[in-house]
Novice: 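Quick one: this structure, given as structure tokens, is what I'll be asking you about.
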Amino acid sequence: MLPIAMAGLYIHIPFCHSKCSYCDFYSGLRPAAAAGYIDAVIAELQLRRREINTDFTTIYIGGGTPSIIPAAETQRLVDAIAATTDMARVEEFTIEVNPEDVTDELLTAYRAMGVNRISMGVQSFDNELLAAINRRHTAAEALAAIDLLREGGWNYSIDLMFGLPGQTMEMWQADVDRAMKLRPPHISAYLLSYEPGTRLYAMLCAGKVTEAPEELADAMQQYFTRSAADNGYLHYEISNYSQPGRHSRHNSAYWDMSPYLGLGASAHSYDGRVRRINPPDIKRYLAALADRRIAAETEEENIDELFNDFIITGLRTADGLSLARLQERFPESFIADLHRDAAPLIADGQLQLTDRLAIPEHHWLKADAIMRDLLRI
């Protein structure tokens with residue numbers, strides 16, 4: 001096991017009141033099963049805690065919709081975590097919420113548990129667009145939840161989406177302008193992706209919706225980026241913008257290839273060497289933990305796959321990919337191949353080279369295509 005200084009804990013809560021039409025994260029519609037599920041997560045924590053040989057510095061409870069779990073069950077989970085790690089070392093403790101769940105009572109309970117950051121899925125301030133993607137909340141509920149977070153002095157993030165069905169440039173500008181007036185500490189802005197298995201993907205295949213043209217998606221992203229910069233936000237990752245010092249420490253650790261333990265159905269883990277993946281199946285997950293068996297399957301990566309992971313994560317960020325760090329971990333031939341493959345992209349302005357390799361901000365929507373040219377296959 002590798003000695004490490006920082007590590008994250010991710011817990012997946014796979015329950016929702018309803019399924020958003022764009023979502024391909026694993027979730028079910030059985031929040032009444034929360035107590036049994038929390039029992040299983042606690043059991044998994046006890047079985048797998050030693051995979052990460054240091055205290056956690058970040059905790060992230062995501063989903064699904066963690067805010068639909070009774071606060072008493074969340075408290076029970078937090079108590080179990082506290083029994084395995086020094087909570088004083090936790091710099092950032094985030095929980096995801098939906099706007100319609102946010103109340104003074106819930107936020108007070110979270111604060112008592114040690115939660116110090118809230119991530120909220122807003123997606124749009126336009127009721128027509130919210131209905132089109134099957135979100136349960138209204139624009140008014142989102143604004144009321146933001147008011148509660150601001151009044152409570154919370155560090156919080158909101159998610160917005162662009163390229164939605166029927167969304168015009170004017171509609172997106174209205175959402176962006178509203179967000180900039182609200183000035184949340186952190187904003188994630190995602191281009192809608194039509195993922196197989198989702199309702200929107202089926203509608204796309206049936207011709208009931210159309211994908212936003214590349215030119216429109218690019219213009220939307222550029223409008224957000226300019227507005228964010230004008231309002232003091234740092235664009236530190238493809239989809240993420242923060243006020244200074246308010247970046248997501250937990251997610252930044254993923255992009256830095258820091259180790260993390262992932263618990264719950266469909267959760268992924270990485271200990272610095274080995275990846276483990278829990279089954280995206282609540283029944284299989286619960287059955288394994290009921291027998292005190294680890295549900296996760298191990299994925300031993302070869303050196304080419306590990307190198308590709310560094311490429312994919314590092315080039316998502318404004319800092320880019322540290323060449324010195326690559327040289328510490330990989331053979332010189334890998335570095336030579338990277339320079340060879342990167343040369344035409346550098347000449348074309350799609351990559352920038354200093355002591356790091358980075359994708360210029362205005363090319364981030366094409367990041368996947370740029371990265372593909374650098375991967376070892």
Side-chain angles (χ1 to χ4, degrees), residues 4-11 55-63 66 89-97 110-111 114-123 146 149-150 152-162 176 179-191 221-222 224-262 268 270 309-322 325 352 354-365 367 371:
I4 52 181
M6 297 185 65
L9 173 65
Y10 174 78
I11 296 173
D55 288 311
F56 297 117
T57 48
T58 64
I59 299 172
Y60 195 109
I61 302 179
R89 290 203 60 201
V90 176
E91 300 171 3
E92 181 184 272
F93 184 172
T94 303
I95 191 164
E96 291 182 354
V97 304
Y110 284 163
R111 180 160 274 153
V115 174
N116 59 15
R117 184 173 183 271
I118 299 292
S119 179
M120 186 166 68
V122 172
Q123 316 315 352
I146 290 171
L149 292 167
R150 186 173 58 243
W154 281 90
N155 182 21
Y156 68 98
S157 175
I158 65 170
D159 293 350
L160 295 176
M161 295 184 74
F162 60 98
V176 174
M180 294 304 154
K181 288 180 181 178
L182 294 168
R183 295 193 57 78
H186 187 283
I187 309 175
S188 298
Y190 300 105
L191 172 63
Q221 197 266 350
Q222 293 299 327
F224 189 96
T225 297
R226 288 193 302 271
S227 297
D230 290 344
N231 284 276
Y233 286 86
L234 305 176
H235 190 185
Y236 70 98
E237 191 269 345
I238 289 176
S239 302
N240 288 279
Y241 305 74
S242 75
Q243 294 178 5
R246 296 299 188 96
H247 63 283
S248 169
R249 286 167 169 76
H250 183 86
N251 289 339
S252 293
Y254 292 150
W255 305 318
D256 192 38
M257 294 289 287
S258 294
Y260 62 94
L261 178 63
H268 291 220
Y270 175 64
D309 285 346
F310 272 80
I311 297 292
I312 291 168
T313 54
L315 289 180
R316 291 187 62 87
T317 67
D319 288 340
L321 184 66
S322 168
R325 192 174 180 204
Q352 295 173 333
T354 55
D355 59 332
R356 310 178 75 88
L357 195 63
I359 299 175
E361 183 182 51
H362 61 280
H363 284 308
W364 275 4
L365 276 186
M371 292 175 194

Novice: Is the shortest heavy-atom distance from the side chain of Leu365 to the side chain of Gln222 under 4.5 Å?
Specialist: no

Novice: Suppose we screen for side-chain contact (heavy atoms from CB on, under 4.5 Å). Which residues come up paired with Gln352, at least two apart in sequence or across chains?
Specialist: Pro360

Novice: What's the spacing between Ile311 CD1 and Leu321 CG if we round to 0.5 Å?
Specialist: 5.0 Å

Novice: Test Ile146 against Tyr156 for side chain to side chain contact (heavy atoms under 4.5 Å, CB included), laying out the working first.
Specialist: CA-CA 9 Å; Ile146 290 171; Tyr156 68 98; 3.5 Å; yes

Novice: List the residues meeting salt bridge (Lys or Arg N to Asp or Glu O under 4.0 Å) with Arg183, not counting sequence neighbours, and say none if there are none.
Specialist: none

Novice: List the residues meeting side-chain contact (heavy atoms from CB on, under 4.5 Å) with Arg246, not counting sequence neighbours, and say none if there are none.
Specialist: Asn155, Pro185, Ser242, Gln243

Novice: Please report the interatomic distance CG(Asn251) to NE2(His186), rounded to the nearest 0.5 Å.
Specialist: 7.5 Å

Novice: Are side-chain heavy atoms of Tyr233 and Pro184 found at a separation under 4.5 Å?
Specialist: yes

Novice: Who pairs with Glu92 by side-chain contact (heavy atoms from CB on, under 4.5 Å), at least two apart in sequence or on another chain?
Specialist: Thr58, Thr94, Asn116, Arg117, Ser248, Arg249, His250

Novice: With sequence neighbours left out, which residue pairs that include part of residues 233-244 fulfil the salt bridge (charged side-chain N to carboxylate O under 4.0 Å, His left out) condition?
Specialist: Glu237-Arg316

Novice: At what distance, to the nearest 0.5 angstrom, does OG of Ser227 lie from CE of Met180?
Specialist: 5.5 Å

Novice: What's the shortest heavy-atom distance between Gly121 and Asp159, and which atoms?
Specialist: CA-CB, 4.1 Å

Novice: Sequence neighbours excluded, which residues qualify as side-chain hydrogen bond (donor to acceptor under 3.5 Å, both in side chains) partners of Asp309?
Specialist: Arg275

Novice: Name all residues meeting the side-chain hydrogen bond (donor to acceptor under 3.5 Å, both in side chains) criterion together with Arg150; count only those two or more places apart in sequence or in a different chain, and write none if there are none.
Specialist: Asp147

Novice: Could you work out, with salt bridge (Lys or Arg N to Asp or Glu O under 4.0 Å) as the rule, every residue matching Arg325, not counting sequence neighbours?
Specialist: Asp256

Novice: If I compare all heavy atoms of Arg111 with all of Gly152, which pair ends up nearest, and what's the gap?
Specialist: NH2-O, 3.0 Å

Novice: For Tyr241, give me all partners under ring-ring contact (aromatic ring centres under 6.0 Å, His included), at least two apart in sequence or on another chain.
Specialist: Phe224, His235

Novice: From Gln221 CD over to Ser239 OG, what is the distance, rounded to the nearest 0.5 angstrom?
Specialist: 8.0 Å

Novice: List the atom of Trp364, the atom of Ile238, and the distance in Å for their closest heavy-atom pair.
Specialist: CE3-CA, 3.3 Å

Novice: Is there side-chain contact between Tyr236 and Asp319, with at least one heavy-atom pair below 4.5 Å?
Specialist: no

Novice: Can you name the residues that form a ring-ring contact (aromatic ring centres under 6.0 Å, His included) with Tyr110, not counting sequence neighbours?
Specialist: none

Novice: Only counting residues at least two apart or in another chain, list the ones meeting side-chain contact (heavy atoms from CB on, under 4.5 Å) with Ile312.
Specialist: Met371, Leu375

Novice: I'd like to check Met257 versus Phe310 (side-chain heavy atoms, cut-off strictly below 4.5 Å). Are they in contact?
Specialist: yes

Novice: Looking only at heavy atoms, what is the nearest atom pair of Gly232 and Pro244, with distance?
Specialist: O-CD, 3.6 Å

Novice: If you look at every heavy atom in Ala318 and Ala358, which pair is closest and at what distance?
Specialist: O-CB, 4.3 Å

Novice: Rounded to the nearest 0.5 Å, how far apart are CH2 of Trp255 and OG1 of Thr313?
Specialist: 10.5 Å

Novice: Could you tell me the separation between the CD1 atom of Ile59 and the CG atom of Leu261, rounded to the nearest 0.5 Å?
Specialist: 11.0 Å

Novice: Start with the C-alpha gap between Glu96 and Tyr60, add the side-chain angles, then the distance that decides, and say whether side-chain hydrogen bond (donor to acceptor under 3.5 Å, both in side chains) holds.
Specialist: CA-CA 8 Å; Glu96 291 182 354; Tyr60 195 109; 2.8 Å; yes

